[in-house]
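Down below is the structure, laid out as structure tokens.
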Amino acid sequence: MLTFEQKLEIIESFPELTRKDVSMKRVNFHYEESLYDKKIVVYHLHPTGNGFVYVGNLPHYEADKKGFVNIRDFSEKELRSILADSLDYLSLEPEPPYDKTWSNRDNEKVDLVYDEPFWNVYAGKNLEESFGTFSDAEDYLIDQGFKEPK
């Protein structure tokens with residue numbers, strides 16, 4: 001396990017992060033250039049080595065309901081990787097709103113709606129399928145004989 005000082009050194013090597021000392025010797029690091037309201041990347045890094053990194057809803061991390069991952073037992077490589085992923089996540093432009101009705105030859109209609117972070121296919125008010133990317137949802141609808149409206 002990395003010490004508090006080692007974690008600080010790694011985190012401070014990311015020049016886009018700004019240190020903010022908080023109560024009980026804990027430290028937060030903010031990403032002021034975030035494209036979202038969320039600015040805190042490192043939350044409550046404590047001298048015990050405990051702390052959290054924000055990853056939102058990135059699928060390859062097991063985050064808590066607020067989008068944070070505990071980094072207590074992270075290696076240097078894992079810590080650098082999660083920090084880079086967090087910064088990338090907070091730097092991405094959000095998907096534009098998408099809510100379009102697709103139809104097939106029988107004039108059946110379904111709605112494809114972007115409900116962050118998922119692309120959902122609805123038949124009326126019923127959720128039929130859910131996808132992680134527009135491309136996956138589009139492939140599914142095309143395979144089912146639906147066409148995107150022009």
Checklist entry - Quick check: does any side chain N or O of His30 sit under 3.5 Å from a backbone N or O of Glu32, one acting as donor and the other as acceptor? => result no
Item to check | Closest non-hydrogen atom pair between Pro47 and Met24, with its separation | outcome: CD-O, 4.5 Å
Checklist entry - Between Glu76 and Gln6, is a side chain to side chain contact (heavy atoms under 4.5 Å, CB included) present by the stated rule, with each step listed? => result CA-CA 8 Å; Glu76 178 178 354; Gln6 289 169 320; over 6 Å; no
Checklist entry - Applying ring pair (Phe, Tyr, Trp, His ring centres under 6.0 Å), which residue pairs with at least one partner in residues 6-28 are found, sequence neighbours left out? => result none
Checklist entry - Do Ser86 side-chain atoms and Leu83 backbone N/O form a donor-acceptor pair below 3.5 Å? => result no
Checklist entry - Applying the 4.5 Å side-chain criterion to the ILVMFWY set and letting contacts propagate, would Val113 and Leu141 be lumped into a single cluster? => result no
Next on the checklist: Can you tell me how far apart OG1 (Thr3) and CD (Glu5) are? Round to the nearest 0.5 Å.
Outcome noted: 4.5 Å
Checklist entry - If Ile, Leu, Val, Met, Phe, Trp and Tyr residues are connected whenever their side-chain heavy atoms lie under 4.5 Å apart, and connections chain through other members, are Val53 and Val22 in the same group? => result no
Next on the checklist: For Arg80 and Phe74: C-alpha separation, side-chain torsions, deciding distance, then whether side chain to side chain contact (heavy atoms under 4.5 Å, CB included) applies.
Outcome noted: CA-CA 9 Å; Arg80 288 187 183 283; Phe74 273 39; over 6 Å; no
Next on the checklist: Please determine whether the number of non-hydrogen atoms from other residues, nucleotides or ligands lying under 6.0 Å from atom CZ of Phe4 exceeds 12.
Outcome noted: yes
Next on the checklist: Looking at Glu62, I want to see if its CD is surrounded by more than 12 non-hydrogen atoms of other residues, nucleotides or ligands under 6.0 Å.
Outcome noted: no
Checklist entry - What about Ile142 and Tyr114, same hydrophobic cluster or not, with Ile/Leu/Val/Met/Phe/Trp/Tyr joined at side-chain heavy-atom distances under 4.5 Å? => result yes
Next on the checklist: Does the plane of the ring in Phe52 sit parallel, tilted or perpendicular to the ring in Tyr43? Use 30° and 60° as the thresholds.
Outcome noted: tilted
Checklist entry - Just by distance, do the side chain of Arg26 and the backbone of Ser23 share a donor-acceptor pair under 3.5 Å? => result yes
Checklist entry - Rounded to the nearest 0.5 Å, what separation is found between the OH atom of Tyr89 and the CD1 atom of Ile82? => result 12.5 Å
Next on the checklist: For residues Tyr98 and Val121: do they belong to one hydrophobic cluster (side chain heavy atoms under 4.5 Å, members Ile, Leu, Val, Met, Phe, Trp, Tyr)?
Outcome noted: yes
Checklist outcome for this item: Rounded to the nearest 0.5 Å, the CD1 atom of Ile71 sits from the CD atom of Glu78 at a distance of 10.5 Å
Checklist entry - Quick one: does Lys109's side chain get under 4.5 Å of Asp111's, heavy atoms only? => result no
Next on the checklist: So which atom in Leu45 and which in Val42 form the shortest heavy-atom distance, rounded to 0.1 Å?
Outcome noted: CB-CG1, 4.0 Å
Next on the checklist: Please check: side-chain N/O of Ser91 versus main-chain N/O of Leu87, any donor-acceptor pairing under 3.5 Å?
Outcome noted: yes
Checklist entry - Are the side chain of Lys7 and the backbone of Asn50 linked by a donor-acceptor contact shorter than 3.5 Å? => result no
Checklist outcome for this item: What one should report as the nearest heavy-atom pair of His60 and Asp85 is NE2-OD2, 3.3 Å
Checklist entry - Quick check: are there more than 12 heavy atoms from other residues, nucleotides or ligands sitting under 6.0 Å from CD of Glu33? => result no
Item to check | From Phe134, Tyr140, Phe131, residue fulfilling ring pair (Phe, Tyr, Trp, His ring centres under 6.0 Å) relative to Trp119 | outcome: Phe134
Checklist entry - Under a 4.5 Å cut-off applied to non-hydrogen side-chain atoms, are Arg19 and Glu12 in contact? => result yes
Next on the checklist: Tell me if a side-chain donor or acceptor on Tyr36 pairs with a main-chain N or O of Leu92 at a distance below 3.5 Å.
Outcome noted: yes
Checklist entry - Nearest heavy-atom pair of Lys38 and Ile40: which atoms, and what distance? => result CD-O, 3.7 Å
Item to check | Asp21 side chain to Val27 backbone, donor-acceptor under 3.5 Å | outcome: no
Checklist entry - Would you say the side-chain atoms of Asp106 pair up with the backbone N or O of Glu108, donor to acceptor, closer than 3.5 Å? => result no
Checklist entry - Side-chain heavy atoms under 4.5 angstrom apart, residues restricted to Ile, Leu, Val, Met, Phe, Trp, Tyr: same cluster for Tyr122 and Phe146? => result no
Next on the checklist: Rounded to the nearest 0.5 Å, what separates atom CG in Asn28 from atom NZ in Lys39?
Outcome noted: 14.5 Å
Checklist entry - Do other residues, nucleotides or ligands put more than 12 heavy atoms under 6.0 Å from the CD atom of Glu9? => result no
Next on the checklist: Is the ring pair Phe68/Tyr54 parallel, tilted or perpendicular, if the boundaries are 30 and 60 degrees?
Outcome noted: perpendicular
Next on the checklist: Nearest 0.5 Å, please: how far is CD1 in Ile11 from CG in Leu2?
Outcome noted: 9.5 Å
Checklist entry - For the residue pair Ala63 and Val55, what are the closest heavy atoms and their distance? => result CB-CG2, 3.8 Å
Checklist entry - Between Leu112 and Lys100, does a side chain to side chain contact (heavy atoms under 4.5 Å, CB included) hold up when you go through it step by step? => result CA-CA 5 Å; Leu112 178 58; Lys100 293 188 180 176; 5.6 Å; no
